[in-house]
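The block underneath contains the structure these notes are about, expressed in structure tokens.
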Amino acid sequence: MELVPVLFLTALLVGYFVLAGCDVGLGMLMPYLARTRGERRRAVSAAAPYFLGTEVWLVGAVGVVAGLFPGLKTAVVSDLWPVFAVLTAGWLLRDAGLWLRARTDARAWHAAWDAAIVGGSWTLAVCWGLAAGALLAGGVLSPLALAVAACTVVLFLLRGAAFGAERLVPVPSDAGPAEGPHSALSADAAARLTRVLARAGLAVLAVAVALGALPGALEGGRPLAAGAGAVVVAVALAAMAGTEGPGRSRHASAAAMAVLVPAVGLGAALPVEPVPGAVLVLVSVALAPMVPLMVAGQAALYRMLRRPAPASGFFARVSPAPAGGALPGGSRFRPTGVGGPRAGEPHRT
Amino acid sequence: MLDDPLSLARLQFAFTAATHYMFVALTLGLAPYILFNQLTAVRKRDGARMRAVRFWGGLYVLNYAMGVLSGLVMELQLALNWSGLSDMFGYAFGAPLAVETMGAFFVESTFLGLWIFGWDRMGRWAHWACFLVVTVTAYASAYWVLVANGFLKWPAGFRIEDGVAVLDSPWSLMGNPSTLMAFGHVATSALLVGGALVCAVSAAHLRRGNDPDRMFHRGVRHGTAVLLLAVMPVVTVGGAQFVLYGQEPPTSGMTYSAEEIAAIESEGASSAVEAAGMAGDGVMMGSWMLICIVAGTAGLVWLMNRLDRWRWVHWMLMALPVLPYAASIGGWTARETERQPWVVRHHLTTADAMSDLSPAMATASFAFFTAAFAVLAAATFWLLVRFARRGPEGGPLAPPRPETEPEDGAQVPARTL
């Protein structure tokens with residue numbers, strides 16, 4: 001029974017990195033993958049709907065750490081205050097960019113928020129990497145910490161590339177008559193990146209393992225757990241290093257991200273105390289009726305977002321005023337006969 | 001004063017909390033209105049009413065974004081800057097917030113995502129049910145945050161062991177009188193914010209003679225009705241809170257003796273903080289009286305059937321939202337300053353609750369987050385006004401049009417990176 005809260009927290013964090021790795025990674029790759037305005041809109045539209053559903057995992061994890069594991073929170077946050085402060089800032093900027101980008105048609109507005117999205121995504125990945133590295137190595141500036149940080153950044157990029165290779169394929173209705181073989185530029189670029197990044201990741205991982213194997217490098221932790229994690233990541237990267245495209249890399253990148261959390265948690269021997277009885281009662285009773293809603297809602301959301309990303313929609317463009325006020329086709333409602341502007345009637349000003 | 005890390009941390013919290021609450025209040029106040037509107041639209045299969053739901057929903061979604069962004073910073077700010085609170089009261093204060101993030105916010109955001117992206121992709125009742133979940137969890141979220149905040153004002157249900165609070169009774173936490181009364185007050189005052197906004201936007205369009213499908217004719221009446229219904233309960237529940245003033249919380253004495261408490265309070269008394277509290281109180285009550293007058297006038301004009309026509313009523317309603325927003329900020333200022341110098345009344349002072357921040361860390365954090373919030377709040381406010389004035393055509397949730405822009409293939413200049 002003592003394990004249940006720890007497993008719950010681990011599941012939340014694993015869920016965050018596996019799911020949010022997609023939209024963070026795609027945000028990081030945006031300048032490389034999306035070179036035209038339409039492709040940019042498609043990239044934002046691919047990443048943005050997910051971020052609402054994925055960041056709630058992190059918000060929940062932070063809440064659970066603060067409420068159920070305050071000792072863990074002190075151990076992790078107190079030395080790494082600058083890393084987490086910068087992470088918060090990056091998170092804020094990225095979310096603001098994703099939500100506000102499509103609200104006007106001005107180029108300068110798009111450019112500014114695009115910069116926020118890209119910069120915020122990179123900040124998030126680098127800060128998570130530094131946090132993971134610092135927890136394993138005992139200090140932010142040690143070579144091992146920096147190597148682990150680089151490895152984490154590559155994992156985020158990989159997750160984004162695997163996600164982009166699938167989601168950036170244009171919807172058939174988007175492709176105008178002039179588009180020919182170049183219509184899936186971003187998706188193809190992302191697919192090519194999966195192989196390149198997997199090989200780069202293997203190289204960085206080798207450096208990290210070499211540094212970690214040095215005596216005294218792992219600060220009082222469990223080298224076996226960290227080593228096992230490194231092995232799993234290496235296997236996943238090797239699986240992706242031979243081919244390109246979304247098929248295998250989707251699952252392999254997810255596996256690599258997933259093992260990051262337990263590897264760091266166990267490898268750094270993070271202090272986890274049993275949750276006191278009254279607190280456990282309060283949280284369990286309050287959360288139990290919500291868990292089915294959480295699971296059902298997330299499953300439904302991701303199933304709904306499975307279709308390729310259009311270059312239109314809430315996160316992609318401002319909807320222009322429709323001409324004539326006609327309802328869109330396929331609406332389940334019959335048009336009302338009540339009121340409404342009649343053709344030819346001048347507005348009173 | 002501004003080079004002291006404690007002052008900077010407190011000011012940062014005050015600014016970010018006030019900004020956060022402004023957007024949360026509209027989320028809480030507008031959600032029931034959209035829910036009711038969509039219920040009518042779905043029952044009557046009415047396309048015109050559904051277009052109105054798209055319009056109000058678009059404003060809601062814009063506003064929700066800033067609520068989430070500011071909420072993220074609030075959560076992490078507590079973890080980063082106020083570790084003393086977590087050291088002593090980690091479980092008691094943190095557990096309700098854990099429930100809020102998991103049980104309320106997680107579900108709320110997920111189902112809002114379903115509502116935004118599932119438009120015309122699911123059955124109409126399923127779509128409405130998504131928003132029902134969003135509304136219920138929004139209020140659940142407010143309740144759990146107030147469990148944590150009410151605990152600070154009226155600590156109950158724990159004992160102290162080795163200088164750390166150990167939770168005794170979760171039911172004392174959930175039924176805390178400060179929490180329950182604050183929740184009632186927040187819920188009714190949020191309805192005032194929502195009703196005022198609906199009135200103002202409707203009046204602005206009626207003034208210009210723009211009323212597609214008579215949605216603003218309905219809006220101004222609904223808004224006025226909500227104001228009239230909520231304005232008395234707000235002051236009743238709010239006034240009931242005074243019963244706790246001057247009383248000692250049941251756990252008083254566990255950490256400090258009565259003399260030590262008196263000494264800490266007299267030493268920590270700050271005239272600036274007290275003045276801020278009194279000003280907040282005054283603004284809140286003054287705004288409430290003005291809201292009464294405006295709502296009453298609008299009600300009378302409604303009875304006289306001139307709500308659509310008299311210009312001065314439209315101008316009055318367009319200016320109205322300032323009042324409930326001012327009242328909300330004033331009320332929170334009064335509530336939080338009244339508890340000072342304590343962060344947990346009679347157990348932990350604000351100074352002791354702060355993390356070990358160097359002046360550089362405190363200044364950097366304060367400068368960045370205050371500036372970022374100012375920019376984002378201003379951008380959101382500008383967008384809200386812009387889309388409110390535009391009306392239902394071309395709003396954030398308007399149905400997409402399959403047009404392609406002429407310059408889709410244009411290369412983006414490299415310097416935008």
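Numbers restart at 1 for each chain; the letters A, B, ... are given by sequence-line order, proteins then strands.
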Quiz prompt | Portion of A/Val281 that has a non-hydrogen atom of chain B nearer than 4.5 angstrom | solution = side chain

Self-check item: Under 4.5 Å from a heavy atom of chain A, the part of B/Trp382 involved
Solution: side chain

Practice problem: Can you see which heavy atom on A/Gly297 is nearest to which on B/Leu114, and at what distance? | Solution: O-CD1, 3.8 Å

Quiz item: Where does B/Ser86 contact chain A at under 4.5 Å (heavy atoms): side chain, backbone, both or neither?
Solution: both

Practice problem: To the nearest 0.5 Å, tell me how far A/Arg94 CZ sits from B/Leu69 CG. | Solution: 11.0 Å

Quiz prompt | Criterion side chain to side chain contact (heavy atoms under 4.5 Å, CB included) on A/Trp99 and B/Val61, from CA distance to verdict | solution = CA-CA 10 Å; A/Trp99 208 296; B/Val61 172; 3.5 Å; yes

Quiz item: Would A/Thr74 and B/Asp87 count as a side chain to side chain contact (heavy atoms under 4.5 Å, CB included) if you check the C-alpha gap in whole Å, the side-chain angles of each, and the deciding distance to 0.1 Å?
Solution: CA-CA 8 Å; A/Thr74 311; B/Asp87 286 342; 3.5 Å; yes

Self-check item: For chain A, the option from B/Ala65, B/Gly58, B/Ala95 that forms the most heavy-atom pairs under 4.5 Å
Solution: B/Ala65

Practice problem: Select one option (side chain, backbone, both, neither) describing which atoms of A/Ala66 are under 4.5 Å from chain B's heavy atoms. | Solution: backbone

Practice problem: Look at A/Val77, A/Leu68, A/Val65 and state which one has the largest set of heavy-atom pairs under 4.5 Å with chain B. | Solution: A/Leu68

Quiz item: Which pair of heavy atoms, one from A/Ala85 and one from B/Phe369, lies closest together, and at what distance?
Solution: O-CZ, 4.1 Å

Practice problem: Can you see which heavy atom on B/Trp171 is nearest to which on A/Val285, and at what distance? | Solution: CH2-CG1, 4.4 Å

Quiz item: Most heavy-atom pairs under 4.5 angstrom with chain A, which of B/Leu167, B/Leu173, B/Asp356?
Solution: B/Leu167

Exercise. Output, in order, the C-alpha distance, side-chain angles, deciding distance and verdict of side chain to side chain contact (heavy atoms under 4.5 Å, CB included) for A/Thr88 and B/Gln77.
Key: CA-CA 9 Å; A/Thr88 311; B/Gln77 176 178 210; over 6 Å; no

Exercise. Could you look at B/Leu76 and say if it's the side chain, the backbone, both or neither that has a heavy atom under 4.5 Å from chain A?
Key: side chain

Self-check item: Among B/Val73, B/Thr380, B/Leu80, residue most engaged with chain A (heavy-atom pairs, under 4.5 Å)
Solution: B/Leu80

Quiz item: Using non-hydrogen atoms only, which part of B/Leu383 is less than 4.5 Å away from chain A: side chain, backbone, both, or neither?
Solution: side chain

Practice problem: Take A/Val283 and B/Met102, measure what side chain to side chain contact (heavy atoms under 4.5 Å, CB included) needs, and give me the verdict at the end. | Solution: CA-CA 10 Å; A/Val283 174; B/Met102 289 304 307; over 6 Å; no

Quiz item: Non-hydrogen atoms of chain B under 4.5 Å away: do they reach the side chain of A/Leu287, the backbone, both or neither?
Solution: side chain

Self-check item: Distance-minimising heavy-atom pair for A/Val56 and B/Ser109
Solution: CG1-CB, 3.4 Å

Exercise. Report yes if some heavy atom in the side chain of A/Met290 is under 4.5 Å from a heavy atom in the side chain of B/Thr137; otherwise report no.
Key: yes

Practice problem: Evaluate the ring planes of A/Trp57 and B/Phe106, with Trp represented by its six-membered ring, and classify them as parallel (under 30°), tilted (30 to 60°) or perpendicular (over 60°). | Solution: perpendicular

Quiz item: With a cut-off of 6.0 Å (strictly less than), are more than 12 heavy atoms of other residues, nucleotides or ligands near CZ of B/Phe381?
Solution: no

Quiz prompt | Which atoms of A/Val59 approach chain B - backbone, side chain, both or neither, heavy atom under 4.5 Å | solution = both

Practice problem: Can you tell which part of B/Phe373 gets under 4.5 Å to a heavy atom of chain A, answering side chain, backbone, both or neither? | Solution: side chain

Quiz item: What part of A/Leu80 gets closer than 4.5 Å to chain B, counting heavy atoms only: side chain, backbone, both or neither?
Solution: neither

Self-check item: Contact check, side chains of A/Trp81 and B/Asn81, non-hydrogen atoms, under 4.5 Å
Solution: yes

Quiz item: Between CG of A/Leu293 and CD of B/Glu108, what distance do you get to the nearest 0.5 Å?
Solution: 12.5 Å

Practice problem: Name the region of B/Phe93, side chain, backbone, both or neither, that has any atom closer than 4.5 Å to a heavy atom of chain A. | Solution: neither

Self-check item: 4.5 Å side-chain heavy-atom contact, A/Arg103 and B/Arg386
Solution: no

Exercise. Identify which of B/Val133, B/Thr101, B/Leu357, B/Val107 forms the greatest number of heavy-atom pairs closer than 4.5 Å to chain A.
Key: B/Thr101

Quiz item: Which atoms of B/Tyr91 come close to chain A, meaning under 4.5 Å heavy atom to heavy atom: side chain ones, backbone ones, both, or neither?
Solution: both

Practice problem: Counting only heavy atoms closer than 4.5 Å, note whether B/Met66 contacts chain A via side chain, backbone, both or neither. | Solution: neither

Practice problem: Check each atom of B/Ala372 against the heavy atoms of chain A and say whether the ones under 4.5 Å are side chain, backbone, both or neither. | Solution: side chain

Quiz item: Which atom names give the shortest non-hydrogen contact between A/Gly63 and B/Ala98, and what distance separates them?
Solution: O-CB, 3.2 Å

Self-check item: Interface residue of largest heavy-atom contact number with chain B, from A/Ala89, A/Gly53, A/Ala300, under 4.5 Å
Solution: A/Ala89

Exercise. Side chain from CB out, backbone as N, CA, C, O: work out which of these in B/Val166 comes under 4.5 Å of a heavy atom of chain A, or both, or neither.
Key: neither

Quiz prompt | Residue pair A/Leu301 / B/Gly113: nearest heavy atoms and the distance that separates them | solution = CD1-C, 3.6 Å

Exercise. For the residue pair A/Leu100 and B/Leu376, establish whether any side-chain heavy-atom pair is separated by less than 4.5 Å.
Key: yes

